[in-house]
2 protein chains.
Amino acid sequence: MEANLKAETLKILGDQTRLRVAYLLVASKRSLCVCEIVDALNLPQYQVSKSLVMLRRAGLVEVDRNGTWGYYHPKVEDQVNEVLFGFVNDFCSGEPFGSDLDNLQKRLALREAGKCVVGFVPQKELQKLMRKKGVTV
Amino acid sequence: MEANLKAETLKILGDQTRLRVAYLLVASKRSLCVCEIVDALNLPQYQVSKSLVMLRRAGLVEVDRNGTWGYYHPKVEDQVNEVLFGFVNDFCSGEPFGSDLDNLQKRLALREAGKCVVGFVPQKELQKLMRKKGVTV
DNA sequence: TGTCTATATGCTCATATTTGCATATAATAT
DNA sequence: ATATTATATGCAAATATGAGCATATAGACA
C-alpha cells in the first residue's frame, strides 16, 4: 500500500455504511453473499453493492463469483490489511455493529451445505422461514 | 464514544494532512507546540491549525495553552482512543510519516527546558540555528 | 502605547461525495 | 422464450469538503 493511500483507505472506512459492511466481513470470518449482507444490515441493496465496490477498489475485500451470486471476504494477503482488520474488529464495538452481527447469524442459518440459497428475506419473513426449516440460532 | 461516531472518527483520519498531524502526536509521545508541527510537516500554518481543531472536535486530541502557545497531545483518557492510537501508530508506516517524525526530532532539539522557544523556522534556517545552539540530532 | 508573534477562523471557489432512483446485466428457472 | 432473481451501475440533485488567502484575536514585549 502506498503513501497517501493510507489516508484514502481510512476515508473509505469513514462512512457508516461502508464501515458496517467491512465490520461484518471482518468479524464474521466467513465469505458473505451480497444478499446476506443486505439482509443483515437492513439497507437498500444498491447501498451495499456500492459500498462493496469501494471496499474492493481500496483493496480491502475480494469477491468470488458463483453465477449471479457474489461472495465477499476480506483480502488478507496484504500485510497492512491485517493490521487494519484487527483494528476494525476491536474498534467497532457497540451498536449498530453488534446487532448487525446478530442479524447475520440468523441469516446464515438459512444456508444449505454452506451456501446461500435464498435471496433477500425481509426481516418479518425470516422467523417464518427459519421455523419452516427447523433451524434455531 | 457513540455509535455512528465510529465512522465519523475514521473520516477525520481519512485525510492526508490530519492523519499526518495525528501520527506525529501519537508517535512522538510528547505534547507538541503548533509551530513545531507546522515546521515538521512543512505545511501552511492554517492547515495544521484547522486539522487540530477537527481532531479536537472528534475528541482525539487536547490542548494545553500557555500564553499564545498551544501544546497538543492525544487524549488518552478515552479507552477507545487507545485502540485507535495504537492502530495509527502501526498503520502509518513509510512516507511521509517517517520523514515527518525525523523533521520533528530536529525541531525538538531547539527546545529549552522542555519548552518551545522559537516560532516558525523555515527548513533552510533550521540547520543554521542548530549549529548556533550547538545541538546535534 | 504600539508592534511582534502564535494561533484561530471566516469566506469563497472548486471539487468531491452521498443519496436515491431507475435501469442494466447476466444467470437461473419455468 | 419469458420471467425472475442477484448484483452492478449510470445519473442528477443536494450536500459536504478541502485549499487558499486574508484577517481576527490575544498574549508578549519594547
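In what follows, chains carry the letters A, B, and so on, assigned in the order in which the sequence lines appear, proteins first and then strands, with residues in each chain numbered from 1. We use all heavy atoms of the structure for the numbers below, so side chains are in, but hydrogens, waters and symmetry mates are not.
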Validation row: B/R20, B/L43 side chains within 4.5 angstrom (heavy atoms): yes

Summary of protein contacts for nucleotides 1-15 of chain C, nucleotide by nucleotide, where a base hit scores B, a sugar-phosphate-only hit scores S (4.0 Å, heavy atoms): -----BBBBBB----

Polar side-chain atom of B/K6 near backbone of A/F91 as donor-acceptor pair, under 3.5 Å: yes

Check: B/R107 and B/D39 side chains under 4.5 Å, non-hydrogen atoms: yes

Protein-nucleotide distance (B/E8, atom CD; D/dA16, atom P), rounded to Å: 11 Å

Any B/Q47 side-chain N or O less than 4.0 Å from OP1/OP2 of D/dG18: no

Distance, rounded to the nearest Å, where A/Q16 contributes CD and C/dT18 contributes C1': 14 Å

Crowding at CD, A/Q79 (>12 non-hydrogen neighbours, <6.0 Å): no

Separation of atom CG in A/D15 from atom C1' in C/dT19, rounded to whole Å: 11 Å

N/O donor-acceptor pair under 3.5 Å between A/R18 side chain and A/I12 backbone: yes

Between C/dT18 (P) and A/L43 (CG): distance, integer Å: 14 Å

Pairs meeting criterion ring-ring contact (aromatic ring centres under 6.0 Å, His included) with involvement of residues 12-70 of chain A, two or more places apart: A/Y23-A/F97

Between C1' of C/dA16 and CE of A/M54, the distance in whole Å: 10 Å

